[in-house]
Enquirer: 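The structure under discussion is supplied below as structure tokens; questions concerning it will follow.
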Amino acid sequence: MLEKWSEPGIGQFIKESFSISCKAGEEEFQKLQKEFTQLNSHLEKQGIKLRLGSLKDDKQCSCSLELSLKHMKRDAGKKREYGTHKSIGAVYLYRKEHNSKETALYSGLPLRSYQRRVKKYKEEGRWTEEERAFF
């Protein structure tokens with residue numbers, strides 16, 4: 001039975017539930033559990049979850065497949081990481097005691113982006129410890 005559900009902030013999902021017969025018994029079920037765990041680790045990145053229920057007396061186990069529609073999109077767009085909320089003055093003071101690489105990590109930027117910003121702030125005369133604007 002196909003179910004559709006959604007939750008604000010999380011997205012839309014489609015879920016299919018079915019049962020599997022394990023005639024060989026507990027050993028086959030343990031093997032199946034390991035395979036599901038292995039598959040799940042690869043499929044979760046794509047928005048797919050596999051769940052296997054416990055083995056019942058009639059050698060049947062429930063299984064569900066859940067698909068996130070959010071992951072079905074192309075996922076295009078900006079993936080740029082912006083710096084942390086540190087002021088120019090705080091980064092300036094940190095730079096006095098550390099090298100450029102450490103200061104770039106502290107500011108939350110790649111080294112080259114850090115260097116470009118420092119150059120820009122020096123040209124504008126804003127590279128001081130009193131500057132309160134965000135780096």
Side-chain angles (χ1 to χ4, degrees):
M1 180 175 172
L2 192 64
E3 294 177 47
K4 292 182 180 180
W5 62 278
S6 66
E7 201 166 308
I10 296 176
Q12 295 179 332
F13 296 87
I14 297 176
K15 183 178 180 179
E16 179 66 46
S17 300
F18 50 93
S19 60
I20 298 175
S21 174
C22 297
K23 293 180 182 176
E26 190 67 35
E27 289 177 21
E28 184 183 336
F29 180 72
Q30 294 297 329
K31 184 180 173 187
L32 195 61
Q33 271 187 325
K34 287 179 185 175
E35 290 172 354
F36 264 66
T37 306
Q38 209 172 24
L39 275 171
N40 212 14
S41 66
H42 296 290
L43 292 174
E44 272 188 347
K45 297 171 191 166
Q46 308 304 322
I48 300 170
K49 289 182 185 175
L50 291 172
R51 293 199 176 107
L52 186 65
S54 58
L55 187 64
K56 296 180 181 154
D57 294 333
D58 55 353
K59 303 217 180 201
Q60 295 279 326
C61 60
S62 62
C63 182
S64 68
L65 174 73
E66 193 173 291
L67 176 72
S68 169
L69 296 178
K70 175 183 169 189
H71 287 82
M72 301 293 286
K73 296 179 183 172
R74 214 175 97 224
D75 201 24
K78 281 189 176 181
K79 292 176 182 56
R80 178 177 167 197
E81 290 184 24
Y82 295 94
T84 57
H85 295 291
K86 304 225 180 335
S87 70
I88 296 171
V91 175
Y92 176 84
L93 291 172
Y94 190 87
R95 175 68 180 105
K96 283 185 173 181
E97 300 170 8
H98 299 87
N99 62 24
S100 291
K101 228 179 212 182
E102 292 172 346
T103 310
L105 283 173
Y106 172 76
S107 65
L109 293 170
L111 179 62
R112 187 65 191 115
S113 297
Y114 162 77
Q115 291 169 338
R116 275 194 297 274
R117 286 194 189 186
V118 168
K119 181 181 176 185
K120 182 180 91 174
Y121 294 143
K122 282 181 179 178
E123 288 171 356
E124 294 173 355
R126 296 171 58 195
W127 187 241
T128 63
E129 59 186 84
E130 292 88 32
E131 185 65 46
R132 296 195 180 272
F134 287 124
F135 188 77

Enquirer: So how far is it from Glu16 CD to Glu3 CD, rounded to the nearest 0.5 Å?
Expert: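 So the CD of Glu16 and the CD of Glu3 are separated by 8.5 Å.
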
Enquirer: State the NE2-OG distance between His85 and Ser107, to the nearest 0.5 angstrom.
Expert: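 His85 atom NE2 to Ser107 atom OG measures 13.0 Å (nearest 0.5 Å).
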
Enquirer: Would you please name every residue forming a ring-ring contact (aromatic ring centres under 6.0 Å, His included) with Phe29, sequence neighbours left out?
Expert: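 Checked Phe29 against ring-ring contact (aromatic ring centres under 6.0 Å, His included); zero matches.
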
Enquirer: State yes or no: do Leu111 and Tyr121 share one hydrophobic cluster built from I, L, V, M, F, W and Y residues joined by side-chain heavy-atom distances below 4.5 Å, directly or via other members?
Expert: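 Looking at the clustering, Tyr121 is in the same group as Leu111.
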
Enquirer: So do Trp127 and Val118 actually touch side chain to side chain, heavy atoms under 4.5 Å?
Expert: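 Heavy-atom side-chain distance check passes, below 4.5 Å.
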
Enquirer: Can you list the residues that meet the side chain to side chain donor-acceptor pair (under 3.5 Å) rule with Glu35, with sequence neighbours excluded?
Expert: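 Listed in chain order: nothing, the list is empty.
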
Enquirer: Once rounded to the nearest 0.5 Å, what's the spacing between atom CZ of Phe18 and atom OG of Ser64?
Expert: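 If we round to the nearest 0.5 Å, Phe18:CZ and Ser64:OG are 7.5 Å apart.
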
Enquirer: May I ask you to test the Ser21-Gln60 pair for a side-chain heavy-atom distance under 4.5 Å?
Expert: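 Side chain of Ser21 against side chain of Gln60, heavy atoms only: contact under 4.5 Å found.
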
Enquirer: Just to verify, what does Ser41 make a side-chain contact (heavy atoms from CB on, under 4.5 Å) with, not counting sequence neighbours?
Expert: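 Expected list: none.
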
Enquirer: Test of understanding: with salt bridge (charged side-chain N to carboxylate O under 4.0 Å, His left out), list the residues that count as partners of Glu124, not counting sequence neighbours.
Expert: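 With neighbours one apart ignored, the set is Arg126.
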
Enquirer: With sequence neighbours left out, what residues match Phe36 under side-chain contact (heavy atoms from CB on, under 4.5 Å)?
Expert: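 Expected list: Ile20, Leu32, Leu50, Leu52, Cys63.
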
Enquirer: Counting C-beta onward and ignoring hydrogens, is there a side-chain heavy-atom pair between Thr103 and Tyr114 closer than 4.5 Å?
Expert: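 Heavy-atom side-chain distance check passes, below 4.5 Å.
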
Enquirer: Hey, does the side chain of Arg132 reach the backbone of Ser87 with a donor-acceptor pair shorter than 3.5 angstrom?
Expert: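 No, because the side chain of Arg132 does not come within donor-acceptor range (under 3.5 Å) of the backbone of Ser87.
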
Enquirer: Are Tyr106 and Lys86 close enough that some pair of their side-chain heavy atoms sits under 4.5 Å apart?
Expert: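 Contact flag for Tyr106/Lys86 side chains = yes.
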
Enquirer: Donor-acceptor pairs are to be reported for all side-chain atoms of residues 90-100 against protein atoms at under 3.5 Å, with residues two or more places apart or in another chain.
Expert:
unit_1: Arg95; atom_1: NH1; unit_2: His98; atom_2: O; d: 2.6
unit_1: Arg95; atom_1: NH2; unit_2: Ser100; atom_2: OG; d: 3.3
unit_1: Lys96; atom_1: NZ; unit_2: Glu129; atom_2: OE1; d: 3.4
unit_1: His98; atom_1: ND1; unit_2: Tyr94; atom_2: O; d: 3.0
unit_1: Asn99; atom_1: OD1; unit_2: Lys101; atom_2: N; d: 3.3
unit_1: Asn99; atom_1: OD1; unit_2: Glu102; atom_2: N; d: 2.9

Enquirer: Not counting sequence neighbours, which residues clear side-chain contact (heavy atoms from CB on, under 4.5 Å) with Ser113? List them please.
Expert: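 Scan of Ser113 (side-chain contact (heavy atoms from CB on, under 4.5 Å), adjacent residues dropped) gives Leu109, Pro110, Arg116.
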
Enquirer: With sequence neighbours left out, what residues match Lys49 under side-chain contact (heavy atoms from CB on, under 4.5 Å)?
Expert: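 Partners of Lys49 by the side-chain contact (heavy atoms from CB on, under 4.5 Å) criterion, ordered by chain and then number, come out as Asn40, Glu44, Arg51, Glu66.
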
Enquirer: Should we count CD of Glu130 as having more than 12 external heavy atoms under 6.0 Å?
Expert: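 Atom CD in Glu130 is packed in, count exceeds 12.
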
